Amino acid sequence: MSKSLSGRRKRAIIALLFHLQEGRCCYCRKFLRLRYAPHYRSRHDSATLEHLRRRADGGRHYLDNLALACKSCNDGRGVVDWLTYASWIRNEF
């Protein structure tokens, strides 16, 4: 994929991931809401496109590096790797 996802391609990837993840956040497993209007995307349960390997760490826009996360989890992850964060948020430690 290119450096940036186009609107149409991004929406298609989000729809596919939503289906594959059964509408749940990849971290907390709570149900997500698909929102495209800007004023709805700030909701805590809005679906956000998450790079499992952060872009800052060299992660790319490849489908196997993308997942959907709720806005709360996406904002809360920070610099923690995705597997550690998922385990922490699910109280698996």
Side-chain angles (χ1 to χ4, degrees):
M1 281 185 213
S2 64
K3 282 189 171 189
S4 173
L5 294 173
S6 68
R8 181 177 287 182
R9 176 176 271 172
K10 185 176 181 178
R11 284 192 297 275
I13 290 171
I14 289 172
L16 174 63
L17 291 172
F18 189 83
H19 173 73
L20 293 173
Q21 293 176 212
E22 300 177 345
R24 293 179 179 267
C25 173
C26 66
Y27 297 120
C28 67
R29 306 297 298 150
K30 292 180 183 174
F31 284 105
L32 299 167
R33 292 182 188 259
L34 287 179
R35 302 283 190 198
Y36 296 110
H39 59 278
Y40 286 120
R41 284 185 274 175
S42 62
R43 288 180 51 107
H44 67 93
D45 58 352
S46 290
T48 60
L49 197 57
E50 174 76 325
H51 290 80
L52 299 175
R53 181 175 180 205
R54 298 176 334 125
R55 289 176 61 205
D57 296 333
R60 306 272 177 150
H61 293 307
Y62 298 135
L63 192 55
D64 63 353
N65 187 47
L66 298 172
L68 288 184
C70 66
K71 181 159 178 25
S72 296
C73 286
N74 197 335
D75 291 346
R77 177 179 160 198
V79 298
V80 179
D81 73 273
W82 72 271
L83 189 55
T84 301
Y85 186 73
S87 297
W88 179 75
I89 208 78
R90 296 175 192 171
N91 293 317
E92 294 175 346
F93 284 116

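Predicted model only: the values in this text are computed from it and were never measured.
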Would you compute the distance between atom [atom1] of [X] and atom [atom2] of [Y] and round it to the nearest 0.5 angstrom?
| X | Y | atom1 | atom2 | result |
| --- | --- | --- | --- | --- |
| Leu68 | Cys73 | CG | SG | 12.0 Å |
| Leu17 | Leu34 | CG | CG | 10.5 Å |
| Cys26 | Asn74 | SG | CG | 8.0 Å |
| Ser72 | Arg43 | OG | CZ | 10.5 Å |
| Arg53 | Tyr62 | CZ | OH | 11.0 Å |

Less than 4.5 Å apart, side chain to side chain, heavy atoms only: is that true for [X] and [Y]?
| X | Y | answer |
| --- | --- | --- |
| Leu16 | Leu63 | yes |
| Leu32 | Asp45 | no |
| Leu66 | Leu52 | no |
| Lys71 | His44 | no |

For [X], enumerate each residue passing the side-chain contact (heavy atoms from CB on, under 4.5 Å) test, keeping only those at least two apart in sequence or located in another chain.
| X | value |
| --- | --- |
| Lys30 | Cys28 |
| Arg54 | Ala56, Asp57, Arg77, Val79 |
| Asp81 | Leu83, Thr84 |

Legend entry - Asp64: partners by salt bridge (Lys or Arg N to Asp or Glu O under 4.0 Å), with sequence neighbours left out: none
Legend entry - ring pair (Phe, Tyr, Trp, His ring centres under 6.0 Å) partners of residues 63-92, not counting sequence neighbours, each pair once: Tyr27-Tyr85, Tyr85-Trp88
Inset, instruction - Please list all pairs passing the salt bridge (charged side-chain N to carboxylate O under 4.0 Å, His left out) test where one or both residues lie in residues 84-93, with sequence neighbours left out. - result: none
Inset, instruction - Check His51, Glu50, Arg55 against Asn65 for a side chain to side chain contact (heavy atoms under 4.5 Å, CB included) and give me the one that passes. - result: His51
